[in-house]
Chemist: 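Sharing a structure here in structure tokens format.
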Amino acid sequence: MTEPRPRPPVDDAELLVRAQRIAGRSVVQVAERFGLPVPPNLRANKGWLGQLVEYALGASAASRAEPDFPHLGIELKTVPVDSMARPRESTYVCVAPLDGGLASTWEESWCRRKLDRVLFLPVVGDGPLATRVLGAALLWAPSEEERGRLQADWEEITERVVRGDLEGLDARVGEILQLRPKGATARDTTWTLDADAQWVQTMPRGFYLRRAFTAGLLQRAFGVASMS
DNA sequence: ACTTGATCATAC
DNA sequence: GTATGATCAAGT
């Protein structure tokens, strides 16, 4: 008994109901519902889990530079967590335009659009993929303060890119948003303007949310009160 | 332990 | 190559 691919949810409520339906279930349970085989691990297929959840919740399949649910303005992110809902990894946001960028302001950046509203779907466990369990979803939107911090980080990083200062721009820049390599290998290249305004090849990079930041979000939503 | 830098699969 | 989905693995 396998179900067909769900259509896109019509509103927030329908999306949330679908998320609740898979919460508490294992990866193999969700996959079997749609007749999808579960790979033994994610090593050779790192995006598989994210794609399974997209499928189950009715996100569009195509790879496009817009949120997973364009009509709702919601981006979907799975996040691997331990039993205390602490993330094991940072969260990829989007690629960073290094070509001098037409998107020169935070307001019109892909980054802001992706982070406007995010449905975080925790996946609990680090054992065999099939046995990991989907957690309760968190529909998050940045607070006033968080938006300010995201914008400040984005602007600092973008300023350096525009100045052609990629050498001094590593993953240490940014309090909650950071820039890291994003390609198949370190030999992958894209074009950028260096400090002398010359076109040079460099590694493609992407924006990521630091682990400590997403940890804070999940802790506030799901965490138990701390003694300290 | 944690972060930074490197890597894997796939669609177009 | 550029974008999507991310995790792996070396470095500190």
Side-chain angles (χ1 to χ4, degrees), chain A residues 5 8 27 30-31 34 36-70 74-82 84 86-103 109-111 113-115 118-130 132 134 153 157 160-161 166-192 199-216 219:
Chain A
R5 180 171 195 128
V27 166
V30 174
F34 300 103
L36 303 172
V38 182
N41 58 62
L42 296 174
R43 179 166 302 190
N45 209 168
K46 297 176 180 179
W48 184 86
L49 194 40
Q51 286 156 358
L52 172 67
V53 175
E54 284 184 343
Y55 193 108
L57 298 185
S60 329
S63 64
R64 307 154 308 174
E66 54 181 34
D68 294 296
F69 302 97
I74 295 177
E75 172 72 11
L76 177 64
K77 291 294 177 195
T78 58
V79 44
V81 301
D82 65 15
M84 297 291 284
R86 284 180 295 230
R88 303 186 356 241
E89 288 287 349
S90 54
T91 300
Y92 169 68
V93 180
C94 62
V95 293
L98 302 179
D99 58 1
L102 303 160
S109 68
W110 291 346
C111 205
R113 281 181 285 190
K114 288 290 185 85
L115 296 176
V118 180
L119 188 68
F120 286 104
L121 208 323
V123 182
V124 187
D126 60 356
L129 177 59
R132 297 181 194 177
L134 301 177
D153 286 349
I157 292 167
R160 296 202 192 202
V161 171
L166 280 177
E167 306 78 31
L169 212 197
D170 62 20
R172 297 175 188 83
V173 175
E175 281 185 29
I176 63 180
L177 198 62
Q178 65 179 170
L179 197 67
R180 303 228 302 278
K182 180 68 171 94
T185 76
R187 275 77 67 192
D188 274 24
T189 59
T190 189
W191 293 95
T192 189
W199 285 105
V200 295
Q201 292 195 307
T202 189
M203 207 186 330
R205 299 164 209 213
F207 288 105
Y208 294 75
L209 293 176
R210 290 186 179 279
R211 192 167 66 134
F213 178 68
T214 51
Q219 214 59 39

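The analysis underlying the following values was restricted to heavy atoms, covering all of them including side chains, and did not include hydrogens, waters or symmetry mates. Worth saying up front: this structure is predicted, and the values here are computed from it rather than measured. Labels below follow one simple rule: chain letters A, B, ... track the order of the sequence lines, proteins then strands, and each chain is numbered from 1.
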Chemist: Report yes or no: is there a donor-acceptor pair, N or O only, under 3.5 Å between the side chain of A:Lys182 and the base of C:dT4?
Modeler: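 Yes.
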Chemist: Select base, sugar-phosphate, or nothing to describe what A:Asp188 touches, counting heavy atoms under 4.0 Å on all strands.
Modeler: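 Result for A:Asp188 = nothing.
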Chemist: Once you build an axis from the first five pairs and another from the last five of the helix from B:dA1-C:dT12 to B:dC12-C:dG1, how far apart in angle are they, to 10 degrees?
Modeler: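 The angle separating the two end axes equals 30°.
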Chemist: What is the distance from CD of A:Glu54 to P of B:dA11, rounded to the nearest Å?
Modeler: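 Interatomic distance, CD of A:Glu54 to P of B:dA11: 13 Å.
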Chemist: I want to check something: taking the side chain as every heavy atom from C-beta on, are A:Val118 and A:Ile74 in contact at a cut-off of under 4.5 Å?
Modeler: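 No, side chains not in contact.
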Chemist: Considering only residues two or more places apart or on different chains, which pairs with a residue in residues 169-182 of chain A satisfy salt bridge (charged side-chain N to carboxylate O under 4.0 Å, His left out)?
Modeler: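 Those involving residues 169-182 of chain A are A:Arg149-A:Glu175, A:Asp170-A:Arg172.
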Chemist: Quick one: do A:Phe120 and A:Leu76 satisfy side chain to side chain contact (heavy atoms under 4.5 Å, CB included)? Show the steps, please.
Modeler: CA-CA 6 Å; A:Phe120 286 104; A:Leu76 177 64; over 6 Å; no
Chemist: How would you list, by chain and number, every residue that makes a ring-ring contact (aromatic ring centres under 6.0 Å, His included) with A:Tyr55, sequence neighbours excluded?
Modeler: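 Applying ring-ring contact (aromatic ring centres under 6.0 Å, His included) to A:Tyr55 gives A:Phe34.
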Chemist: Write down the distance between CG (A:Leu169) and C1' (B:dG5), rounded to a whole number of angstrom.
Modeler: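 Value for this atom pair: 14 Å.
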Chemist: Without decimals, in angstroms, what is the distance between A:Asn45 CG and B:dA11 C1'?
Modeler: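 Whole-Å distance recorded here is 13 Å.
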Chemist: Without decimals, in angstroms, what is the distance between A:Trp48 CH2 and C:dA6 P?
Modeler: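 A:Trp48 atom CH2 is separated from C:dA6 atom P by 12 Å.
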Chemist: Kindly say if A:Arg210 contacts the phosphate of B:dT4, meaning a side-chain N or O under 4.0 Å from OP1 or OP2.
Modeler: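 Answer yes for this pair, as a side-chain N or O of A:Arg210 is under 4.0 Å from OP1 or OP2.
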Chemist: Per the side chain to side chain contact (heavy atoms under 4.5 Å, CB included) rule, which among A:Thr78, A:Val124, A:Leu52, A:Leu121 passes with A:Leu134?
Modeler: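 Among the candidates, only A:Leu121 passes.
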Chemist: Please identify each residue that fulfils side-chain contact (heavy atoms from CB on, under 4.5 Å) with A:Pro80, with sequence neighbours left out.
Modeler: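 Listed in chain order: A:Arg88, A:Glu89.
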Chemist: Roughly how many Å is it from CG in A:Leu98 to P in C:dG1, rounded to a whole number?
Modeler: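 Rounding to the nearest Å, CG of A:Leu98 and P of C:dG1 are 14 Å apart.
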Chemist: Output the distance between atom CG (A:Leu119) and atom CG (A:Asp68), rounded to the nearest 0.5 Å.
Modeler: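 With rounding to 0.5 Å, CG (A:Leu119) is 9.5 Å from CG (A:Asp68).
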Chemist: Atom CD of A:Gln51 to atom P of B:dA11: distance rounded to whole Å?
Modeler: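 Nearest whole value for this atom pair: 9 Å.
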Chemist: How close do A:Arg210 and A:Ala171 get, counting heavy atoms only, and between which atoms?
Modeler: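 The answer is NH2-O, 2.6 Å.
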Chemist: Please report the distance, rounded to the nearest Å, between CZ in A:Phe207 and P in C:dA6.
Modeler: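 In whole Å, C:dA6 P and A:Phe207 CZ are 18 Å from each other.
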Chemist: Under 4.0 angstrom, heavy atoms only, what part of the nucleic acid is A:Ala184 near: base, sugar-phosphate, or nothing?
Modeler: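 If one applies the 4.0 Å heavy-atom cut-off, A:Ala184 turns out to touch a base.
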Chemist: Have a look at A:Arg86 and say if it touches a base, only the backbone sugar-phosphate, or nothing, with a 4.0 Å heavy-atom cut-off.
Modeler: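 Nothing, no heavy atom under 4.0 Å.
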Chemist: Could you measure the distance from the OG1 atom of A:Thr190 to the CE atom of A:Met203? Nearest 0.5 Å is fine.
Modeler: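 Rounded to the nearest 0.5 Å, the OG1-CE separation comes out at 11.5 Å.
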Chemist: Which letter, B, S or -, goes with each nucleotide of nucleotides 7-12 of chain C from 5' to 3', with contact meaning a protein heavy atom under 4.0 Å?
Modeler: BBS---
Chemist: Between C:dT2, C:dT4, C:dA3, spot the one nearest the side chain of A:Thr190, thanks.
Modeler: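 The closest nucleotide is C:dT2.
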Chemist: Categorize A:Glu75 for me: base, sugar-phosphate, or nothing, with a 4.0 angstrom heavy-atom threshold over every strand shown.
Modeler: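 A:Glu75: backbone/sugar contact only, no base atoms under 4.0 Å.
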Chemist: Just N and O in the side chain of A:Gln178: are any of them under 4.0 Å from OP1 or OP2 of B:dT4?
Modeler: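 Indeed, a polar side-chain atom of A:Gln178 lies that close.
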Chemist: Just to verify, what does A:Pro39 make a side-chain contact (heavy atoms from CB on, under 4.5 Å) with, not counting sequence neighbours?
Modeler: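 A:Trp48, A:Leu129.
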Chemist: For A:Glu175 and B:dT3, give me the distance from atom CD to atom C1', rounded to whole Å.
Modeler: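 Whole-Å distance recorded here is 16 Å.
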Chemist: Quick check for you: among C:dG5, B:dT4, C:dA3, whose closest atom lies nearest to any side-chain atom of A:Asp68?
Modeler: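 Nearest listed nucleotide: C:dG5.
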